[in-house]
**Q** 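Have a look at this one before I ask anything.
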Amino acid sequence: MPTYRDEVVVLRTHKLGEADRIVTMLSRRHGKVRAVAKGVRRTSSRFGARLEPFMVADVQLHQGRTLDIVQQAESLGSYGAQIATHYDRYTAAHAMVETADRLNEAEATPQQYLLLVGGLRTLSQGGRAPRSVLDSYLLRAMSLSGWAPALEDCARCGAPGPHDWFVAQLGGTVCGDCAPAGSARLRGETGGLLRALIAGEWDAVDAAADRDAAAASGLIAAYTQWHLERGIRSLSHVSQGESAR
């Protein structure tokens, strides 16, 4: 059976037997990969620590019938330690990798890989608010998957904007004529913050008021979960962490 190499970011792991793990990874060139890492739970394992969630590695895999087998792993980015020691970074990172894990094979592109690695690197460095890093990642990940939210013109009729209502089910911001009863209304600078997050305009993001940041986070979470058609469990922990601070 053939072998291949690729750069990967570890999304999650599951125990298998007494010493092995099943590792789910988002790779740069092969989409999502599930592979068995044999013996990695033994203290003598040569590369067990390189295959933990949030780690980036260069791996060699043996192609199997159902699951591939990890033969080698060399660290490219050891972000786990810097993330795990801060609760807000840790919960944001979990939401990011859970979102990446929900991508189907057609959406697991090299661009998604690079976006996730960049987000985890930024979290580990600690220079940005973790919730803002997560929000920017979610908006960009949705855009790369073909679900870019409308943040200027009306998502339904195309009327020039920006507009003051946001409806996840309709694709983003909508005009007053298209907004259903009970739609979420953008207040303050929330609309501008959404646009700054998707564009990576960090000066504007960092200057946003807490109220606007919280409102934008709620809209982004609703939009992401609507299009993924399943809840992201990690987002509930991110919300708890934000409210506890």
Side-chain angles (χ1 to χ4, degrees), residues 3-64 66-103 105 107-128 130-131 133-134 136-138 141 232-238 240-241:
T3 61
Y4 63 98
R5 298 190 71 91
D6 207 344
E7 297 174 15
V8 303
V9 55
V10 179
L11 304 180
R12 58 189 170 93
T13 64
H14 288 79
K15 293 181 180 179
L16 179 66
E18 295 183 356
D20 305 339
R21 278 199 180 103
I22 296 175
V23 185
T24 301
M25 301 166 279
L26 180 63
S27 73
R28 185 166 190 162
R29 295 183 297 276
H30 294 84
K32 283 197 299 182
V33 176
R34 296 181 74 238
V36 176
K38 295 188 175 181
V40 295
R41 290 162 54 202
R42 297 193 182 103
T43 56
S44 59
S45 172
R46 292 178 294 116
F47 53 79
R50 303 167 194 166
L51 296 174
E52 294 290 340
F54 319 139
M55 304 297 278
V56 182
D58 182 341
V59 297
Q60 178 174 302
L61 300 115
H62 180 88
Q63 190 173 12
T66 55
L67 294 172
D68 296 347
I69 299 173
V70 180
Q71 295 180 320
Q72 297 178 14
E74 299 295 332
S75 178
L76 295 177
S78 300
Y79 305 134
Q82 295 93 331
I83 289 174
T85 54
H86 300 268
Y87 182 79
D88 51 356
R89 299 184 199 176
Y90 182 75
T91 54
H94 260 292
M96 290 165 63
V97 298
E98 185 179 350
T99 300
D101 195 19
R102 297 285 175 83
L103 301 174
E105 287 302 328
E107 297 162 352
T109 62
Q111 292 77 18
Q112 291 282 8
Y113 165 83
L114 293 171
L115 177 66
L116 180 59
V117 171
L120 293 174
R121 182 188 302 118
T122 300
L123 280 178
S124 72
Q125 294 169 344
R128 305 288 181 194
R131 186 64 198 241
V133 176
L134 170 61
S136 182
Y137 168 79
L138 293 175
I232 300 173
R233 291 179 296 175
S234 302
L235 282 176
S236 63
H237 300 294
V238 173
Q240 291 170 10

**Q** Counting heavy atoms not belonging to E18, are there more than 12 under 6.0 Å from its CD?
**A**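 For E18, atom CD is not crowded (no more than 12 foreign heavy atoms under 6.0 Å).
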**Q** Applying the salt bridge (Lys or Arg N to Asp or Glu O under 4.0 Å) criterion to D58, which one of R28, R29, R5 satisfies it?
**A**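 Checked R28, R29, R5 against D58; only one passes salt bridge (Lys or Arg N to Asp or Glu O under 4.0 Å): R5.
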**Q** Do side-chain atoms of R41 reach the backbone of D20 as a donor and acceptor pair under 3.5 angstrom?
**A**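 Yes, because the side chain of R41 sits within donor-acceptor range (under 3.5 Å) of the backbone of D20.
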**Q** So if I apply the side chain to side chain contact (heavy atoms under 4.5 Å, CB included) rule between M96 and each of T91, L11, V238, L123, which one comes out positive?
**A**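 Looking at T91, L11, V238, L123, the match for M96 under the side chain to side chain contact (heavy atoms under 4.5 Å, CB included) is L123.
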**Q** Please assess V10 against V23 for the test side-chain contact (heavy atoms from CB on, under 4.5 Å), listing each intermediate value before the final yes or no.
**A** CA-CA 7 Å; V10 179; V23 185; 3.7 Å; yes
**Q** Roughly how far, to the nearest 0.5 Å, is CZ of R34 from OG1 of T13?
**A**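 Result: 11.5 Å between the selected atoms.
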**Q** With sequence neighbours left out, which residue pairs that include part of residues 91-103 fulfil the salt bridge (Lys or Arg N to Asp or Glu O under 4.0 Å) condition?
**A**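 Output for this query lists R12-D101, K32-D101, E98-R102.
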**Q** Evaluate the criterion side-chain contact (heavy atoms from CB on, under 4.5 Å) for residue pair E52 and R21; output intermediate values, then yes/no.
**A** CA-CA 10 Å; E52 294 290 340; R21 278 199 180 103; 3.4 Å; yes
**Q** Quick one: closest heavy-atom pair of S75 and S78, and the distance?
**A**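 What the structure gives for the nearest pair is OG-OG, 3.0 Å.
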**Q** Within this structure, what is the NZ-CD distance for the pair K38 and Q71, rounded to the nearest 0.5 Å?
**A**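 These two atoms lie 10.0 Å from each other.
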**Q** Looking at every heavy atom in both A92 and L134, which two are closest together, and how far apart are they?
**A**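 Nearest pair, atom of A92 first, then L134: O-CD1, 3.8 Å.
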**Q** Can you check whether A73's main-chain N or O pairs, donor with acceptor, with R50's side chain at less than 3.5 Å?
**A**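 Pair found, side chain donor or acceptor close to backbone of A73.
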**Q** Can you classify the ring geometry of F54 versus H94 as parallel (below 30°), tilted (30 to 60°) or perpendicular (above 60°)?
**A**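 Because their plane-to-plane angle is over 60°, the rings of F54 and H94 count as perpendicular.
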**Q** Does the pair Y137 and T122 meet the rule for a side-chain contact (heavy atoms from CB on, under 4.5 Å), with working shown?
**A** CA-CA 11 Å; Y137 168 79; T122 300; over 6 Å; no
**Q** Would you give the length of the straight line joining atom CG of D68 to atom CD1 of I22, rounded to the nearest 0.5 angstrom?
**A**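 Here the interatomic distance stands at 12.0 Å.
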**Q** With rounding to the nearest 0.5 angstrom, report the CD to OG1 distance, Q72 to T3.
**A**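 Interatomic distance, Q72 CD to T3 OG1, rounded to 0.5 Å: 9.0 Å.
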**Q** Test side-chain contact (heavy atoms from CB on, under 4.5 Å) on V59 and L51; report intermediate values, then the result.
**A** CA-CA 10 Å; V59 297; L51 296 174; 4.2 Å; yes
**Q** Roughly how far, to the nearest 0.5 Å, is OG1 of T99 from CG of L235?
**A**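 With rounding to 0.5 Å, CG (L235) is 6.0 Å from OG1 (T99).
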**Q** Search all heavy atoms of A141 against all heavy atoms of L115 and return the closest pair with its distance.
**A**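 It is N-CD2, 3.5 Å.
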**Q** Apply the side chain to side chain contact (heavy atoms under 4.5 Å, CB included) test between S27 and each candidate in L61, V33, V9; give the one that qualifies.
**A**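 Only one of L61, V33, V9 forms a side chain to side chain contact (heavy atoms under 4.5 Å, CB included) with S27, namely V33.
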**Q** Mind checking what makes side-chain contact (heavy atoms from CB on, under 4.5 Å) contact with S124, not counting sequence neighbours?
**A**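 Partners of S124 by the side-chain contact (heavy atoms from CB on, under 4.5 Å) criterion, ordered by chain and then number, come out as Y79, Q82, I83.
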